[in-house]
Amino acid sequence: MRHFNLMRIISFSLAIILMSGCSNSQTLLAVPEQVSYDDELRIAQISQQLSQKDIDTVTRIQLIFQRGIVYDSLGFKAFAQSDFSYLMEFNPEIPDIYNFMGTYALREGDFDNALMAFNTTLELDPTYAYAYLNRAITLYRTGHYKSAERDAYQFYQYDVNEPIRILWLYLIDKEIDNEAAQNKLQKRYDLINDKTIYSSDLIAFYLGKINESKLMQNLQQGVESNRQLAERLCEAYFYLGKYYQSKGNNERAKMLFKYALANNIYNFVEHQQALYEMKLLEENEK
């Protein structure tokens, strides 16, 4: 899942490899996403437009913002931060910018600055849905589960049929009361209008309705491109990693987090959080 609302930002301006895994199920991998010629061309075009002396201020802001989004999607964090920092100094009242900057602080474990950024985002725009998710994750990481639950529930309320929102709410809820969280997960799953969407199978797996092999089989249904497969795998492997981590199987979890990262879907919260989970596991091994 992206850490921002793509449609909001727009308005602001298969190769499959099967390998044997360590478990009793097969490991499904996509070809890792690469920086494409079109991506490079888009950055070059925007930079060329920005070099023009007669460009007006509004256009300049829009172009820098668009370039920052492209950088972010490609994992070029330093370049993205540079563009967003410039915009923040130019206009300190753009909520999208604070949300992006907050995600960079969050992935580095700089929770104080992440929290301040998401707070500012929501002060500027209380309807900014993804800032609630990002702040919920920040609070979750710092052990403030009740506050995290409130934000995650607010995010869930924006679309009660999206399974990924339900999963984040569950991950937080179970830190408060595991049994109650399981019951809530079942009830929220039952309320999903369309259980044929692939991500609903992630909840079905958590509820014990399907096994991992069936989950990975279903995940491939309807896939139309390598990018789509990579996005699904990034999500699936992260939540599988969280599942096995909760069962005390850190070795399996670590492997799954690596698989989530291998898809190179840099602008997905699952990619960013898989990287943080790896950091925590490696620190615990020292």
_Closest approach of Ala148 to Leu139 (non-hydrogen atoms, all atoms of both residues)_ = CB-CB, 3.7 Å
*Would you indicate whether the side-chain heavy atoms of Tyr237 and Leu28 approach each other to under 4.5 Å?*
yes
*Is Glu40 atom CD crowded by more than 12 heavy atoms from other residues, nucleotides or ligands, each under 6.0 Å away?*
yes
*Do Ile166 and Ile203 have side-chain heavy atoms sitting under 4.5 Å apart?*
yes
*Measuring from Asp177:CG to Glu149:CD, what's the distance to the nearest 0.5 Å?*
11.5 Å
*Compare all side-chain heavy atoms of Asn249 with those of Glu251 and state whether any distance is below 4.5 angstrom.*
yes
_Close side-chain approach of Gln186 and Lys209, heavy atoms under 4.5 Å_ = yes
*Approximate separation, where rounding is to 0.5 Å, of Arg165 CZ and Phe155 CZ*: 3.5 Å
*asked:* Distance check, rounded to the nearest 0.5 Å: Leu50 atom CG versus Ile64 atom CD1?
replied: 5.5 Å
*Counting only heavy atoms not in Gln52, do more than 12 sit closer than 6.0 Å to its CD atom?*
yes
*At their closest point, which heavy atom of Ala30 faces which heavy atom of Leu233, and how far apart are they?*
N-CD1, 3.4 Å
*Going by heavy atoms in the side chains, are Arg252 and Leu256 under 4.5 Å from each other?*
yes
_Does atom OH (Tyr276) have a neighbourhood of more than 12 heavy atoms from anything else shown, all under 6.0 Å?_
yes
_Spacing of Glu108 atom CD and Gln272 atom CD [to the nearest 0.5 Å]_ = 10.5 Å
*Residue pair Arg150 / Ser147, side-chain donor-acceptor N/O under 3.5 Å*: yes
*How are the rings of Phe76 and Phe79 set to each other: parallel, tilted or perpendicular (split at 30° and 60°)?*
perpendicular
*Mind checking the CG-CZ spacing from Leu115 to Arg141? Nearest 0.5 Å is all I need.*
15.0 Å
_Glu270 versus Cys234, closest heavy-atom pair with distance_ = CB-O, 3.8 Å
*Out of Asp83, Ile94, Asn267, Ile69, which one pairs with Phe100 under the side chain to side chain contact (heavy atoms under 4.5 Å, CB included) rule?*
Ile69
_Heavy-atom side-chain proximity of Val70 to Gln66 below 4.5 angstrom_ = no
*Among Thr120, Asn134, Thr121, find the residue that satisfies the side-chain hydrogen bond (donor to acceptor under 3.5 Å, both in side chains) test when tested with Asn99.*
Asn134
*Enter the distance from Ser73:OG to Ile265:CD1 here, rounded to the nearest 0.5 Å.*
10.0 Å
*Quick one: does Phe257's side chain get under 4.5 Å of Leu281's, heavy atoms only?*
yes
*Would the number of heavy atoms belonging to other residues, nucleotides or ligands and lying under 6.0 Å from CD of Gln48 be above 12?*
no
*Taking the six-membered ring of Tyr189 (Phe, Tyr or Trp), confirm whether the NZ or CZ of Lys195 is under 6.0 Å from its centre and within 45° of its axis.*
yes
*Using the side chain to side chain contact (heavy atoms under 4.5 Å, CB included) rule, take Val269 and Phe238 through it: C-alpha gap first, then chi angles, then the decisive distance, then the call.*
CA-CA 10 Å; Val269 66; Phe238 172 75; over 6 Å; no
*Do the rings of Tyr244 and Phe205 sit parallel, tilted or perpendicular, given the 30° and 60° boundaries?*
tilted
_Met278 vs Lys258 side-chain heavy atoms within contact, under 4.5 Å_ = yes
_For the residue pair Asp96 / Tyr128, report whether a side-chain donor-acceptor contact shorter than 3.5 Å exists._
yes
*Do you know the tightest heavy-atom contact between Ala117 and Gly102?*
CB-CA, 3.5 Å
